[in-house]
Amino acid sequence: MKPTIPKGTRDFTPIQVLKRNYIFDTIKKVFIKYGYMPIETPTMENLSTLTGKYGEEGDRLLFKVLNSGDYLKKANKEALGDLNSNKLTSSISKKGMRYDLTVPFARYVVMHQNEISFPFKRYQIQPVWRADRPQKGRYQEFYQCDADIVGSKSLMSEAELIQIYDEVFSNLGLNVTIKVNNRKILEGMAEIAGISEKMVAMTTIIDKLDKIGIEKVKEELLKCGISEKSVQIIIESLQIKTLTALGEVLKDSERGMKGIEELNLVHEYLDLKSTTNKVEFDITLARGLNYYTGCILEVVSNDVEMGSIGGGGRYDNLTEIFGLKDVSGVGISFGAARIFDVMTELDNFPKDLEGLLTVLLISESKVDHLEAFKLLNQLRAANISCDLYPEPAKYKRMIKYAINRNVPFVINIENGEYTLKDMVNSGQEKLNMETLIQKLSK
RNA sequence: GUGAUUGUAGCUCAGUUGGUUAGAGCACCGGUUUGUGGUUCCGGGGGUCGCGGGUUCGAAUCCCGUCUUUCACCCCA
């Protein structure tokens, strides 16, 4: 039998996991510094928690888990006979796999509302699953790293999340632009253009601007039934680069002006501490997710051509569907896989990743092998990451193994003497144990 | 979900209009050589040609289905 893995999934090699952990650790450290606490939620949620939260498209992409036992016995026979999968599903599947971290978090907040003291700041790094067709940078299983604050309307949160983006990406050595906009500004635009009811359609179209160009955007707006005049107004607003200029256009929209005011306030906070990366107002930023209601954020790499490597925004009504009203939240997400790709392309990972072996011990004779085992334990007692080739073998073979394992140092034990070989700078010297330990511990 | 695309050894790939026993490089194993750090040379194991049907005297090769890969759309991270 030939082994395979399901489509859209991947194995991670040791080096890949170490690199991924490096990214996770960098993000985690910043989250913790800013006062966020970790939570985890189950891989599976009740299907009722998940369905209807991501739109029709999203429901289709949910992985459903078959009930255990003789599930067909309890199946909806009518739906089964009609071959109606949609109807049948609810009778044979009660659970589904996590589609993102935000909805499970909303569920968590509502379920634990009595024990949470608000404002509640949490981070969460876990895989999610989508039954999507795989393509470039898109998988059926992938990690999300989220940080959210719920229970506060303060715009300080938005400023803080921008600072987190700034700090994490500086720590990773990446040069990025953090784009900001506000849903209310987009609503204001729709209002001024007289197409408030088509606001959602409008945002998804203008979100594609940098991908398909202004002409196509125009075309698509017209295609979805927006009048020539309204399209003209939208297109003109899209050229605006500053908030002050935008204020002129949106002055008749209360909603729009509120958006501008919010962004100004965020900037007021940000002005108090300069960021390393560029923070830029971008009116074309819309973001697909429709639960956003206020500020929206997106991060793009300045050095590598790649979609967004992070995004987020404020949502006012997320917990409402679970019965908890008036809990405003704002959050961000890091696209771990894409950050990984950008880091790889720029060769930005540290050379000595945490978890790599420091030194391999080798011996060609049985007597020396026992001596080596003694040394091995002493090195380990000194907290040096080391390994011993498990049996005496040919020198060539063991050296080859050392090279394959990417070990920077090898100690050859011969006639009770220790020879330390530097695999990187190709030198070697005979040392006693004390100097060995001294040299290898950092 | 729509439209393309891919599948041959563990990996990267050759394979003629359909025609003997399907090949190479790398990797692996054994030996050889190198004054003992990726060298040289020799040998070895390893493949139901993604899977299932069909056409044919004969299929890796042609046809159909299915799964998988990659990519675009949709949507999204």
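Side-chain atoms are counted along with the backbone in the values below, which use heavy atoms only and exclude waters and symmetry mates. First the proteins, then the strands, lettered A, B, ... as listed; each starts at 1.
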Measure from the side-chain heavy atoms of [X] and tell me the nearest of [options].
{"X": "A:Gln144", "options": "B:A77, B:G30, B:C74", "answer": "B:A77"}
{"X": "A:Tyr139", "options": "B:U39, B:A77, B:C71", "answer": "B:A77"}
{"X": "A:Glu364", "options": "B:U36, B:C28, B:C75", "answer": "B:U36"}
{"X": "A:Arg130", "options": "B:A77, B:C28, B:A72", "answer": "B:A77"}
{"X": "A:Thr204", "options": "B:A72, B:C76, B:U33", "answer": "B:C76"}
{"X": "A:Lys396", "options": "B:C74, B:A77, B:U40", "answer": "B:U40"}
{"X": "A:Arg338", "options": "B:A77, B:U69, B:A72", "answer": "B:A77"}
{"X": "A:Lys136", "options": "B:C76, B:C71, B:G38", "answer": "B:C71"}
{"X": "A:Ser308", "options": "B:U39, B:U2, B:A77", "answer": "B:A77"}
{"X": "A:Lys208", "options": "B:G1, B:U39, B:C75", "answer": "B:C75"}

Could you tell me which nucleotide pairs with [N] by Watson-Crick or G-U wobble geometry, both distances under 3.5 Å, or answer none if nothing does?
{"N": "B:U32", "result": "none"}
{"N": "B:G1", "result": "B:C73"}
{"N": "B:G65", "result": "B:C51"}

Under 4.0 Å, counting only non-hydrogen atoms across every strand here, what does [X] touch: a base, just sugar-phosphate, or nothing?
{"X": "A:Gly58", "answer": "nothing"}
{"X": "A:Asp422", "answer": "base"}
{"X": "A:Gly8", "answer": "sugar-phosphate"}
{"X": "A:Ile399", "answer": "sugar-phosphate"}

Whole Å only: how far is the [atom1] atom of [X] from the [atom2] atom of [N]?
{"X": "A:Arg20", "N": "B:A77", "atom1": "CZ", "atom2": "C1'", "answer": "15 Å"}
{"X": "A:Glu220", "N": "B:C73", "atom1": "CD", "atom2": "P", "answer": "11 Å"}
{"X": "A:Gln140", "N": "B:A77", "atom1": "CD", "atom2": "P", "answer": "16 Å"}
{"X": "A:Glu57", "N": "B:A77", "atom1": "CD", "atom2": "C1'", "answer": "15 Å"}
{"X": "A:Ile309", "N": "B:A77", "atom1": "CD1", "atom2": "P", "answer": "14 Å"}
{"X": "A:Asp341", "N": "B:A77", "atom1": "CG", "atom2": "P", "answer": "16 Å"}
{"X": "A:Asn404", "N": "B:A27", "atom1": "CG", "atom2": "P", "answer": "10 Å"}
{"X": "A:Leu62", "N": "B:C75", "atom1": "CG", "atom2": "C1'", "answer": "13 Å"}

Taking only the [atom1] atom of each, what is the distance from [N] to [M] in whole angstrom?
{"N": "B:A9", "M": "B:C29", "atom1": "C1'", "result": "15 Å"}
{"N": "B:G30", "M": "B:G19", "atom1": "C1'", "result": "37 Å"}
{"N": "B:A77", "M": "B:U6", "atom1": "P", "result": "31 Å"}
{"N": "B:U33", "M": "B:U17", "atom1": "P", "result": "47 Å"}
{"N": "B:A4", "M": "B:G47", "atom1": "C1'", "result": "30 Å"}
{"N": "B:G52", "M": "B:U68", "atom1": "C1'", "result": "15 Å"}
{"N": "B:C74", "M": "B:U8", "atom1": "P", "result": "32 Å"}
{"N": "B:U20", "M": "B:U36", "atom1": "C1'", "result": "48 Å"}

Under a plain distance cut-off of 3.5 Å, with no hydrogens placed, do A:Glu167 and A:Tyr34 share a side-chain donor-acceptor pair?
yes
OP1 or OP2 of B:A72 versus the side-chain N and O atoms of A:Gln135: is any pair under 4.0 Å?
yes
For A:Lys7 and B:U70, is the shortest distance between a side-chain N/O and OP1 or OP2 below 4.0 Å?
no
Please determine whether any donor N or O and acceptor N or O are separated by less than 3.5 Å between the side chain of A:Arg133 and the base of B:U2.
yes
With A:Tyr99, which of A:Phe142, A:Phe63, A:Tyr54 fulfils ring pair (Phe, Tyr, Trp, His ring centres under 6.0 Å)?
A:Tyr54
Looking at A:Phe349 versus A:Phe340, is the centre-to-centre ring distance below 6.0 Å?
yes
From A:Met44 atom CE to A:Lys95 atom NZ, the distance as rounded to the nearest 0.5 Å
5.5 Å
Considering only NZ, NE, NH1 and NH2 on the basic side and carboxylate oxygens on the acidic side, decide whether [X] and [Y] come within less than 4.0 Å.
{"X": "A:Arg60", "Y": "A:Glu57", "answer": "yes"}
{"X": "A:Glu364", "Y": "A:Lys394", "answer": "no"}
{"X": "A:Glu417", "Y": "A:Lys430", "answer": "yes"}

Please compare A:Arg138 and A:Thr9 by the position of their nearest nucleotide in RNA chain B and report the one closer to 5'.
A:Thr9
Whichever of A:Val424 and A:Lys394 has the more 5' nearest nucleotide on RNA chain B, that residue is A:Lys394
Take the angle between the ring planes of A:Phe169 and A:Phe334 and call it parallel below 30°, perpendicular above 60°, tilted in between.
tilted
